[in-house]
Number of protein chains: 2
Amino acid sequence: MARKIDEDKIKRIKEATMKTIVDFGIESTTIAMIAKNADVSGGYLYRTYSGKQELINELFYEKVIALNNELAFLLSLNPTSIQPLLKTFIANRIVYFLNEPIASNFFYQLLHNDNFKLTGDLQQSVVNMMQKIKSIGIKSGEISEKITLFNLYFYILIYPVDYIHFKRKNIFESNVINTNDITSLTSTILNILKN
Amino acid sequence: MARKIDEDKIKRIKEATMKTIVDFGIESTTIAMIAKNADVSGGYLYRTYSGKQELINELFYEKVIALNNELAFLLSLNPTSIQPLLKTFIANRIVYFLNEPIASNFFYQLLHNDNFKLTGDLQQSVVNMMQKIKSIGIKSGEISEKITLFNLYFYILIYPVDYIHFKRKNIFESNVINTNDITSLTSTILNILKN
DNA sequence: AATATATGAATAAACATTCATTCATTTATT
DNA sequence: AATAAATGAATGAATGTTTATTCATATATT
């Protein structure tokens with residue numbers, strides 16, 4: 001065998017990619033900047049990724065899949081109420097934002113970039129989970145019949161992320177995101193879904 | 001005088017810029033693409049704008065200022081209830097989306113790009129308007145005392161835009177945005193603000 | 001003819017990507 | 001145990017492409 005792979009390099013590349021995009025925007029991030037921030041040679045990236053786009057794609061879908069799995073796990077517990085599911089899911093978003101602000105920010109940026117869309121099977125998985133949540137919520141009386149699957153998707157998966165990140169960059173009162181937001185976001189969403 | 005300025009060119013450049021960014025993303029949009037789509041020579045742009053960034057900036061802030069003025073106008077009517085104000089504002093967002101999908105989409109993309117932020121005086125203007133809306137809403141009983149200025153800002157200015165655009169690209173039921181969304185969005189937001 | 005608009009080829013800088021080379025580590029041979 | 005050979009990791013200068021921007025020139029208008 002030859003020299004050992006420095007596993008840390010890939011980790012550093014991922015982190016540097018996210019940080020550079022968060023700091024300068026996807027439009028001005030270059031491979032050279034990423035390599036420099038990761039303290040890795042310019043060409044190293046191409047050993048693992050076929051190029052810049054693939055690297056960014058993989059980082060984004062990694063996170064999308066993690067979110068998908070997280071929700072799937074919460075549903076696998078067969079809850080009879082959506083309140084605890086929603087509260088846990090929102091708490092996780094806030095904890096993630098607090099613990100990994102760069103990754104959280106990176107994900108938020110790409111979430112609104114039309115060039116990144118869900119692939120077919122992930123789409124189907126999300127649709128199935130929303131259907132499951134809807135039937136639980138209707139049975140428990142927490143969700144109005146009028147709520148569409150899109151509404152559920154928007155209020156559970158998109159809205160909390162948006163809220164957190166707009167609060168982060170907001171222009172008003174000094175707004176630190178904290179655990180109080182878990183309760184208020186959860187109750188706001190539950191309230192919306194009831195009507 | 002000499003040759004007349006073809007005023008239409010600037011309009012075409014603006015439209016081509018928005019369309020190109022909507023179609024390919026800000027990260028892959030080039031001056032050459034914009035010029036081609038606008039049917040204008042490559043260098044023409046530099047007659048009016050100092051460069052690519054300034055062009056995009058100006059387009060974005062034009063829209064931000066228009067939104068600001070729209071809300072300022074609605075407030076200048078000295079309403080005693082926020083319901084009609086909110087309903088009109090949301091209706092305008094939906095009409096804008098339906099009539100000018102490209103411009104609407106362009107604005108939505110940049111709204112979530114951290115490189116585009118409100119300048120000082122626009123910030124102040126927004127803060128003032130939110131304060132005014134809050135005092136009207138509290139007097140009329142439509143807004144809970146607990147609602148922060150950030151909440152108002154988020155639910156009035158950000159949330160409807162996000163909702164419309166996520167519905168546009170959504171993965172569920174065939175979702176055509178239409179005038180029904182005006183009523184449902186308005187009542188959802190009023191409901192949120194009450195609690 | 002004078003003057004300002006408009007063009008697009010030319011330029012130079014920035015960029016992603018490649019690849020010859022170096023280097024660290026393991027394995028085989030003595 | 002010492003040394004050599006083999007392997008594949010890692011580098012970063014070189015390459016060719018893409019890009020924003022400039023500017024000499026052409027064109028239209030008065």
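Below, each value reflects all heavy atoms present in this structure, side chains not excepted, and no hydrogens, waters or symmetry copies. Letters A, B, ... mirror the listed sequences (proteins, then strands); counts begin at 1.
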(message) Nearest to the A/Y46 side chain among C/dT18, D/dT21, C/dG8, which nucleotide is it?
(response) C/dT18

(request) Could you tell me whether B/S28 contacts a base, only the sugar-phosphate backbone, or nothing, with contacts defined as non-hydrogen atoms closer than 4.0 Å? (result) nothing

(request) Take the protein atom CD1 of B/I34 and the nucleotide atom P of D/dT21, then report the distance between them rounded to whole Å. (result) 11 Å

(message) A/Y163: which residues meet the ring-ring contact (aromatic ring centres under 6.0 Å, His included) condition with it, sequence neighbours left out?
(response) B/F150, B/F154

(request) Could you tell me whether the phosphate oxygens of D/dA9, OP1 or OP2, come under 4.0 Å of any side-chain nitrogen or oxygen in A/R47? (result) yes

(request) Could you tell me whether the side chains of A/T186 and A/Q83 share a donor-acceptor contact shorter than 3.5 Å? (result) no

(request) Please report, rounded to the nearest Å, how far the P atom of D/dA10 is from the OH atom of A/Y44. (result) 4 Å

(message) Expressed as a whole number of angstroms, how long is the span from B/I56:CD1 to D/dT19:C1'?
(response) 14 Å

(message) Would you say A/S41 places a side-chain N or O within less than 4.0 Å of OP1 or OP2 belonging to D/dT11?
(response) yes

(message) Over all strands shown, is B/G51 touching base, sugar-phosphate only, or nothing at heavy-atom distances under 4.0 angstrom?
(response) sugar-phosphate

(message) Rounding to an integer number of Å, can you tell me how far A/E54 CD sits from C/dT17 P?
(response) 10 Å

(request) Take the protein atom CE of A/M33 and the nucleotide atom P of C/dA14, then report the distance between them rounded to whole Å. (result) 12 Å

(message) Please pick, from D/dT21, D/dA10, C/dA16, the nucleotide with the shortest atom-to-atom distance to any side-chain atom of B/I31.
(response) D/dT21

(request) Going by the side chain to side chain contact (heavy atoms under 4.5 Å, CB included) test, name the single residue among A/L152, A/L193, A/N151, A/I82 that passes it with A/K134. (result) A/L152

(request) Rounded off to whole Å, could you give me the NZ-to-P distance for the A/K9 and D/dT11 pair? (result) 4 Å

(message) What contact category does A/S50 fall into here, base, sugar-phosphate, or nothing, at under 4.0 angstrom with non-hydrogen atoms?
(response) nothing

(request) Whole angstrom is fine here: how far is it from NZ in B/K36 over to P in D/dT18? (result) 14 Å

(request) Specify the closest pair of heavy atoms between B/L71 and B/F89, including all atoms of both residues, with the distance to one decimal. (result) CD1-CD1, 3.8 Å

(request) Please state how far atom CZ in A/R12 lies from atom C1' in D/dA9, giving the value in whole angstrom units. (result) 13 Å

(message) Using a strict threshold of under 4.0 Å (side-chain N to carboxylate O), is an ion pair present between A/K9 and A/D39?
(response) no

(request) When you get a sec, tell me which of D/dA10, C/dA16, C/dA6 is the closest nucleotide to the side chain of A/T30? (result) C/dA16

(request) Looking only at side-chain atoms of A/K52, point me to the closest of D/dA20, C/dA16, C/dA6. (result) C/dA16

